Each structure stands twice: as structure tokens, then as C-alpha cells.
Amino acid sequence: GTVMSMCEDKAADRGRLARASGCSCMVVGHSDDGKKTRIRLPSGSRKTVPSTCRAIVGIAAGGGRMDKPVLKAGNNFHKYKVKRNSW
């Protein structure tokens, strides 16, 4: 049950899983031949990855980022400005 972040999906793809702030995935188990590892993703689903994949041990920093209230309409405007690009 090792907790890790930025886990690779395929070997040497530079980490694709559990990269957001405060996210982590956990090792659930290994196959008998040692070539596959089963991990639990932040969504709760389980995924099988090759055992040659690398990961960073620990949780990514910035957990609780969404707990702080926005307080001002201007902050919300700038937050959603990048999501309104519809060209």
C-alpha cells in the first residue's frame, strides 16, 4: 500500500497518473511473475501498469486548494476566463 504521485502509465512516459495538486495513487498489489502492478487511482478505479513504470513516493503538494472561498467576483472572472475560450 505505498502512496505515490505522478505514476507512469507506460514505461518512460514521464508520469501521467495522479499529477494534480493533493492527488495520490496507491499500490494495491503485484502479479505473481512480478511484471504487472495494480494501482488504485484517485478516482477510485483500479488500473494495471507494468512494473517497470516509475512514480514519486508521497502525495503531491497543494492539497485543499479548492477549500478556500473565492470571495470576489473578479477572482472568479479570472479563474473561468481560460475556460471560456470557444474559438
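Quick caveat: nothing in here was measured; it's all calculated off a predicted structure. Scope of the values below: all heavy atoms of this structure, side chains included, with no hydrogens, waters or symmetry mates.
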side-chain contact (heavy atoms from CB on, under 4.5 Å) partners of T37, counting only residues at least two apart: V27, H30, I39, V49, S51
Non-hydrogen atoms of S24 and I59 that approach each other most closely: CB-CG1, 3.8 Å
For R38, all residues meeting side-chain hydrogen bond (donor to acceptor under 3.5 Å, both in side chains), sequence neighbours excluded: T48
Within residues 63-79 or reaching into it, pairs that qualify as side-chain hydrogen bond (donor to acceptor under 3.5 Å, both in side chains) - sequence neighbours excluded: S21-R65
Minimal non-hydrogen separation, S5 against C23, with atom names: CB-O, 3.8 Å
By side-chain contact (heavy atoms from CB on, under 4.5 Å) - contacts of D32 (at least two apart): none
Interatomic distance, K36 atom NZ to C53 atom SG [nearest 0.5 angstrom]: 8.5 Å
Which atom pairs, one a donor and one an acceptor, fall under 3.5 Å between side chains of residues 6-14 and the rest of the protein, sequence neighbours left out?
| from | atom 1 | to | atom 2 | distance (Å) |
| --- | --- | --- | --- | --- |
| E8 | OE1 | A12 | N | 3.1 |
| E8 | OE1 | R54 | N | 2.9 |
| E8 | OE2 | R14 | N | 3.4 |
| E8 | OE2 | R54 | NE | 3.2 |
| E8 | OE2 | R54 | NH2 | 2.9 |
| D13 | OD1 | G15 | N | 3.3 |
| D13 | OD2 | D9 | N | 3.3 |
| D13 | OD2 | K10 | N | 3.2 |
| D13 | OD2 | R16 | NE | 3.1 |

Where V3 and M26 come nearest, the two heavy atoms and their spacing: CG2-CE, 3.8 Å
Those residues that, when tested against S31, pass side-chain hydrogen bond (donor to acceptor under 3.5 Å, both in side chains) (two or more places apart): D33
